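What follows is a short report on a single structure.
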Amino acid sequence: MEMLNPPIPNRAIALIDVNNFYVSCERVFNPKLEGKPVVVLSNNDGCAVARSNEVKALGIKMGQPWFQLKDLARKHGIIAYSSNYALYADMSNRVMSILGMFSPEQEIYSIDECFLDLSGFKRLNHTDYGQQIRQRIKQWIGLPVCVGIGSTKTLAKLANHLAKKNPEFNGVCDLNSFSLKRQTDWFQRIDVGEIWGIGRRLAPKLHEIGIKTAWDLKTASPSPLRARFSVVMEKIIREINGTACIELEELHPTRKQILSSRSFGVPVADLPGLEESVSLYINRAAEKLRRQQSIAGVVYVYIRTSPFNPRQRYYANGIAVPLSMQTDNTVPLTKAALWGLRRIYRRGYQYQKAGVILSELTPQQYRQLNLFESTSTTEVDKKSTKMMNIIDQINARMGRGTIRLASEGFKQPWKMKQGNKSPGYTTKWEELVCV
DNA sequence: ATCACGGTTTGCA
DNA sequence: CTAACGTGCAAACCGTGAT
């Protein structure tokens, strides 16, 4: 039977992704790390979240706890960094603003990935264009990126995976330019778990029913799989067949809930310590809340001991504290969170983590008026929003925490571990050392 | 039975 | 020296009480 080539797709979506982002950022400022095995650890120096190729080759998995790797690390001279989010965020901003020059439509998907819509550039060779992107990011920022192109976001992701894993693509893979035969050959070699949205739980389940490769999923019929799994699965199948189900989101979608949580560097047993940390997390969450111009109606606060330590009693609890009036002001949000915290706190436990969630979020302009509220109260409220915005601006310019509530404490002994953090090369003068 | 709800679990990146 | 395991989001799920 004759193999027909697919119809020329009318869309071209590119997914640009920085290789081993955090590790690559460290290497920009410390070129001696080039060619050496390097990992960057998660908050609290907990798990490996970014690995150089040398580290991946040693079989170290994403998210593996660092303490389990100490021996291996010593043996192979692995260099481990604490995560330096100020540096990575700044590098990310630089990369994204350059990438934005390559298309009028950009979705910043994560700290190191973005989609560009190239559909308008019909007369351009997209593979060449991808190479230009790579070259410019390398030259202007010093970071290595790969480019994947396809007719949907899921295909662009898959193309990016191919570009990353197979040197013959030289960092750019455009699935739109593939013949059906070539695409089939590649898809049959890709494990179904590599597809965007198929994670470590779904992949084995699909394997069980005989769907092992990207090709198997592409040619599977959507409706029974939707029944067996979910509507998300059906969308994935349609997407890898070239039907767009996931649109490019240029505006950051406003969140329905905002969470801020952190593990402690050392266990915390006393209430004041927990109060300080909860206070800080509320501050972070409230900053995010105001950035997306929302107000919150419920503050959820939770604490827990370590779930990994079998030698001590486990305790975890949380409470939802409704606010009488929705707000974005740190002061009442903190009050509510601390009130909740005192309700769930039990003495005699070694707490390992605390967190807050802001929910019942609505846009600032739809602020719900209380039945018993006078207009003057809303004026007061508007002023408080204004004041919080000014505080945000000062903190943005002078550094986080320049103005904050005293309830956050000053010594913060529970602060997370960061044993080996690199300097804030691009954001903090005082951390730069001239040699 | 069915629905709305809230809290909990699952899953992904 | 020892002990040590991230975060943020949405969707699915599930039990409950009201209708």
Side-chain angles (χ1 to χ4, degrees), chain A residues 15 17-18 21-22 39-50 60-71 73 80 82-83 85 88-89 108-115 153-154 157 160-161 192-206 226-236 246 249 252-267 281 284-285 287-289 291-292 294 297-298 300-302 304-312 314 316-322 344 350 352-361 416-419:
Chain A
L15 187 270
D17 182 321
V18 183
F21 181 54
Y22 297 170
V39 294
V40 174
L41 305 177
S42 64
N43 275 342
N44 226 7
D45 293 344
C47 304
V49 288
I60 290 173
K61 294 276 174 286
M62 177 71 175
Q64 216 170 332
W66 174 236
F67 75 91
Q68 291 175 1
L69 301 170
K70 283 276 174 68
D71 288 339
S82 307
S83 36
Y85 286 107
Y88 311 146
I108 297 170
Y109 176 69
S110 73
I111 194 163
D112 75 323
E113 289 170 70
C114 89
F115 292 99
K153 285 166 78 171
T154 307
K157 271 264 188 190
N160 186 280
H161 171 76
V192 73
E194 301 295 344
I195 295 169
W196 192 29
I198 310 285
R200 66 193 152 86
R201 301 307 265 262
L202 251 26
K205 285 185 192 165
L206 286 170
R226 174 187 180 148
R228 167 79 176 73
F229 296 96
S230 74
V231 63
V232 177
M233 182 66 76
E234 181 177 4
K235 283 186 180 174
I236 292 172
I246 309 171
E249 315 241 7
H252 275 272
T254 53
R255 300 285 171 220
K256 293 169 186 159
Q257 55 175 359
I258 290 170
L259 179 145
S260 175
S261 71
R262 216 116 311 183
S263 304
F264 303 132
V266 290
Y281 305 156
R284 291 284 165 275
E287 280 169 8
K288 289 192 215 170
L289 183 71
R291 200 173 318 134
Q292 72 164 33
S294 297
V298 171
Y300 184 86
V301 54
Y302 70 90
R304 68 163 167 76
T305 61
S306 169
F308 301 105
N309 189 340
R311 300 152 55 98
Q312 64 181 26
Y314 180 70
N317 204 353
I319 186 173
V321 185
I344 56 174
Q350 296 288 314
Q352 183 249 0
K353 182 175 188 170
V356 301
I357 301 171
L358 305 181
S359 55
E360 306 267 287
L361 307 191
M416 67 184 176
K417 279 181 271 190
Q418 289 193 313

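Everything numeric here is computed off the predicted structure, so don't read it as measured data. Just so we're on the same page: letters track the sequence lines, and every chain starts at 1.
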Using only side-chain N and O atoms of [X], determine if any of them is under 4.0 Å from OP1 or OP2 of [N].
{"X": "Asn44(A)", "N": "dC5(C)", "result": "no"}
{"X": "Ser263(A)", "N": "dT7(C)", "result": "yes"}
{"X": "Arg262(A)", "N": "dG8(C)", "result": "yes"}
{"X": "Ser261(A)", "N": "dG8(C)", "result": "yes"}
{"X": "Gln352(A)", "N": "dG6(C)", "result": "yes"}
{"X": "Arg201(A)", "N": "dT10(B)", "result": "no"}
{"X": "Lys353(A)", "N": "dT7(C)", "result": "yes"}
{"X": "Lys205(A)", "N": "dG11(B)", "result": "yes"}

Residues, nucleotides or ligands: over 12 heavy atoms within 6.0 Å of Lys235(A) NZ: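 Open.
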I need the [atom1]-[atom2] distance between [X] and [N], as an integer number of Å.
{"X": "Gln257(A)", "N": "dG7(B)", "atom1": "CD", "atom2": "C1'", "value": "12 Å"}
{"X": "Tyr302(A)", "N": "dT9(B)", "atom1": "OH", "atom2": "P", "value": "14 Å"}
{"X": "Gln64(A)", "N": "dA4(C)", "atom1": "CD", "atom2": "P", "value": "18 Å"}
{"X": "Tyr88(A)", "N": "dG6(C)", "atom1": "OH", "atom2": "P", "value": "17 Å"}
{"X": "Gln292(A)", "N": "dC9(C)", "atom1": "CD", "atom2": "P", "value": "9 Å"}
{"X": "Phe308(A)", "N": "dA4(C)", "atom1": "CZ", "atom2": "P", "value": "11 Å"}

Opposite nucleotide pairing with dA13(B), Watson-Crick or G-U, both atom distances under 3.5 Å: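 Base partner found: dT7(C).
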Carboxylate-amine/guanidinium proximity below 4.0 Å for Glu360(A) and Lys256(A):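 Here Glu360(A) does not pair with Lys256(A) in a salt bridge, since their nearest N and O are not under 4.0 Å apart.
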Closest non-hydrogen atom pair between Ile344(A) and Tyr302(A), with its separation: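 Scanning both residues, the minimum pair turns out to be CD1-CA, 4.1 Å.
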